[in-house]
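Okay, so here's the structure we're looking at.
Lettering follows sequence order; numbering is per chain, from 1.
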2 protein chains.
Amino acid sequence: MEKQLNLLKKELQQKSIKMTRQRKEILRLFLTQTHHLLTASEIQQALRQQDHQMDLSTIYRNLETLASAGVLRHIALNDHIARYELVTAHHHHHLICLECNKTELIDLCPFQEINQYVTTQTDFLPTEHRFEIYGYCKDCQKINNQTIDDIFQGRKHS
Amino acid sequence: MEKQLNLLKKELQQKSIKMTRQRKEILRLFLTQTHHLLTASEIQQALRQQDHQMDLSTIYRNLETLASAGVLRHIALNDHIARYELVTAHHHHHLICLECNKTELIDLCPFQEINQYVTTQTDFLPTEHRFEIYGYCKDCQKINNQTIDDIFQGRKHS
DNA sequence: ATTTGTGCAAAGAGTTTGCAACCAT
DNA sequence: ATGGTTGCAAACTCTTTGCACAAAT
């Protein structure tokens, strides 16, 4: 863990970005977080629980800085709140619970086939894509069966 | 066009939602708009040009009402601004220009295959999905070649 | 020593809400 | 008539910015 932070520190230094206490704490959080899609205020709360005060503007600025340094990646879900994840080696997409917002990873990516379609059939130049599946995670399927049945009827595969 | 509005009116009446002047104007806009992914303030501006004043809160409330009536669909892109489109018969996804935000449709949908994977390999219950491809449309590829080359190098298929 | 980063306070954008007046049914 | 709807004003949430001070290199 400290090893990983040191590697990141060197990566940042090459872009003359300083490894401050604040950035270290934010990165440490991403490195330990299993659920690893974090909002600014989730980060603030998590750090507060470890008795680390940090201003929200600092967090926002650092998320942006770390994202443009290529260390974090900005992910926009459908609730209009900015979320970030560590840029990992492997490319993936998300399963997102509509009830609790918990996210799981899937390794499948439909992009290759579709990219071919877009490149050959349109004038569009694709550079990025997003594929997210929304639904209910194991826990929330149990909690809320009535509601889920309603929803499923109303908007199946919409 | 007036025929379509009348059909929609009946559809709304079944849910005891009144077809007000404001709702009619909003729907008329979606029915005539070729580019058909609209934000609240785009709607306000478009209506203002036709000398129809409408308060933003009215627009927000109606977009929400029409969406929960199943007439419109809420689409979240990656810029944290709420967009809506008419719920049409056919299922589609979008190509979105990073430069001008213009959107094109694609009919391809990767969901079927992946749904099978998720259903068989995970405990997740999928109900909705989003697949969007970002890049540069024909016009913006010309305008901005230098920038596009930079971007393409930096984040190819990220 | 220099350059970059922080906290605080204030401002901004997009969106939501309470309420009295209004309009569609 | 009456219950849903509107416009206005104000509030709210998330995010950004200016600035003086502090910390990292």
Side-chain angles (χ1 to χ4, degrees), chain A residues 5-6 8-29 37-48 51-69 71-72 74-84 101, chain B residues 2 5-29 37-48 51-69 71-72 74-84 101:
Chain A
L5 283 173
N6 268 328
L8 286 170
K9 178 173 179 176
K10 280 172 197 152
E11 197 176 329
L12 292 179
Q13 282 180 333
Q14 290 172 6
K15 296 164 186 167
S16 54
I17 296 174
K18 294 174 181 168
M19 179 58 99
T20 61
R21 175 180 69 78
Q22 287 81 347
R23 281 172 192 158
K24 199 177 284 182
E25 282 168 14
I26 291 174
L27 288 170
R28 201 192 306 276
L29 203 61
L37 218 46
L38 295 172
T39 68
S41 88
E42 282 170 356
I43 291 170
Q44 190 183 44
Q45 287 169 30
L47 293 180
R48 187 176 292 145
D51 276 319
H52 292 134
Q53 199 80 294
M54 196 177 310
D55 194 80
L56 262 180
S57 67
T58 302
I59 296 173
Y60 277 111
R61 276 189 280 225
N62 282 332
L63 290 174
E64 158 64 19
T65 301
L66 293 170
S68 63
V71 173
L72 298 180
H74 175 249
I75 305 277
L77 302 187
N78 64 359
D79 59 359
H80 297 187
I81 297 176
R83 287 163 209 277
Y84 288 82
N101 271 319
Chain B
E2 295 308 312
L5 282 172
N6 269 329
L7 286 175
L8 286 170
K9 179 174 180 176
K10 279 172 196 152
E11 197 176 330
L12 292 179
Q13 282 180 335
Q14 289 173 7
K15 298 165 186 168
S16 55
I17 297 174
K18 293 174 181 167
M19 180 57 100
T20 62
R21 175 180 67 79
Q22 289 81 345
R23 282 173 191 155
K24 199 177 283 183
E25 281 167 14
I26 290 174
L27 289 170
R28 201 194 306 277
L29 203 59
L37 217 47
L38 294 173
T39 68
S41 87
E42 282 170 358
I43 291 170
Q44 190 183 44
Q45 286 169 33
L47 293 180
R48 187 174 294 145
D51 276 317
H52 292 134
Q53 200 80 294
M54 196 176 311
D55 194 82
L56 261 180
S57 68
T58 303
I59 296 173
Y60 277 111
R61 275 188 281 227
N62 282 333
L63 290 174
E64 159 64 20
T65 301
L66 294 170
S68 64
V71 173
L72 297 181
H74 175 247
I75 306 276
L77 302 187
N78 64 358
D79 60 359
H80 298 187
I81 298 175
R83 286 162 210 277
Y84 289 81
N101 271 319

*Atom pair distance, as rounded to whole Å: CD in A/E25 and C1' in C/dG5*: 14 Å
*Whole angstrom is fine here: how far is it from CD in B/Q44 over to C1' in C/dT15?*
13 Å
*Taking CD1 from B/I59 and P from D/dC8, how many angstroms apart are they, rounded to a whole number?*
12 Å
*Take B/D55 and B/H80, find for each the nucleotide of DNA chain D with the closest heavy atom, and name the residue whose nucleotide sits nearer the 5' end.*
B/D55
_Using a heavy-atom cut-off of 4.0 Å across all strands, would you classify A/R21 as base, sugar-phosphate, or nothing?_
sugar-phosphate
*For B/R83, the option from B/L63, B/L37, B/L72 that meets side-chain contact (heavy atoms from CB on, under 4.5 Å)*: B/L37
*For A/A82 and A/H74, work out which heavy atoms get closest and say how close.*
CB-NE2, 3.6 Å
*Please give, in whole Å, the distance from D/dA10 C1' to B/L56 CG?*
15 Å
_Atom of B/L29, atom of B/A46 and distance for their closest heavy-atom approach_ = CD2-CB, 3.7 Å
*List in numerical order all residues of residues 11-20 of chain B for which some heavy atom is under 4.0 Å away from an atom belonging to DNA chain C.*
B/Q13, B/K18, B/M19
*Select base, sugar-phosphate, or nothing to describe what A/T65 touches, counting heavy atoms under 4.0 Å on all strands.*
nothing
*Can you figure out which of C/dT16, C/dC19, D/dT17 approaches the side chain of B/R61 most closely?*
C/dC19
*Have a look at B/S41 and say if it touches a base, only the backbone sugar-phosphate, or nothing, with a 4.0 Å heavy-atom cut-off.*
nothing
*Can you tell me how far P of D/dG7 sits from CD of B/Q53, to the nearest Å?*
9 Å
*Looking at the side chain of A/Y60, which of C/dT15, D/dT15, C/dT6 is the nearest nucleotide?*
D/dT15
*Do any N or O atoms from the side chain of A/Q44 and from the backbone of A/D55 form a donor-acceptor pair under 3.5 angstrom?*
no
*asked:* Tell me if a side-chain donor or acceptor on B/Q22 pairs with a main-chain N or O of B/I59 at a distance below 3.5 Å.
replied: no
*Between A/T58 and B/A82, which is nearer to the 5' end of DNA chain C once each is assigned its nearest nucleotide?*
A/T58
*Between A/N62 (CG) and D/dT16 (P), how many Å, whole number?*
13 Å
_Can you tell me which nucleotide in C/dG18, D/dT17, D/dT5 comes closest to the side chain of B/R23?_
D/dT5
_Distance-only donor-acceptor test (3.5 Å): side chain A/T39, base D/dC14_ = no
*Hey, does B/K24 reach any base, or is it just sugar-phosphate, or nothing, if we go heavy atoms under 4.0 Å?*
nothing
_Whole angstrom value for the distance that separates P of D/dA24 from NZ of A/K10_ = 18 Å
_Under 3.5 Å: donor-acceptor pair, side chain of A/S68, backbone of A/T65_ = yes
_Donor-acceptor contact below 3.5 Å, side chain B/K15 vs main chain B/A69_ = yes
*Rounded to whole angstrom units, what separation is found between the CD1 atom of A/I81 and the C1' atom of D/dT16?*
17 Å
*Are B/Q22 and D/dG7 close enough that a side-chain N or O sits under 4.0 Å from OP1 or OP2?*
yes
*Measure the shortest side-chain to side-chain distance between A/L12 and A/L66 over non-hydrogen atoms and say whether it is less than 4.5 angstrom.*
yes
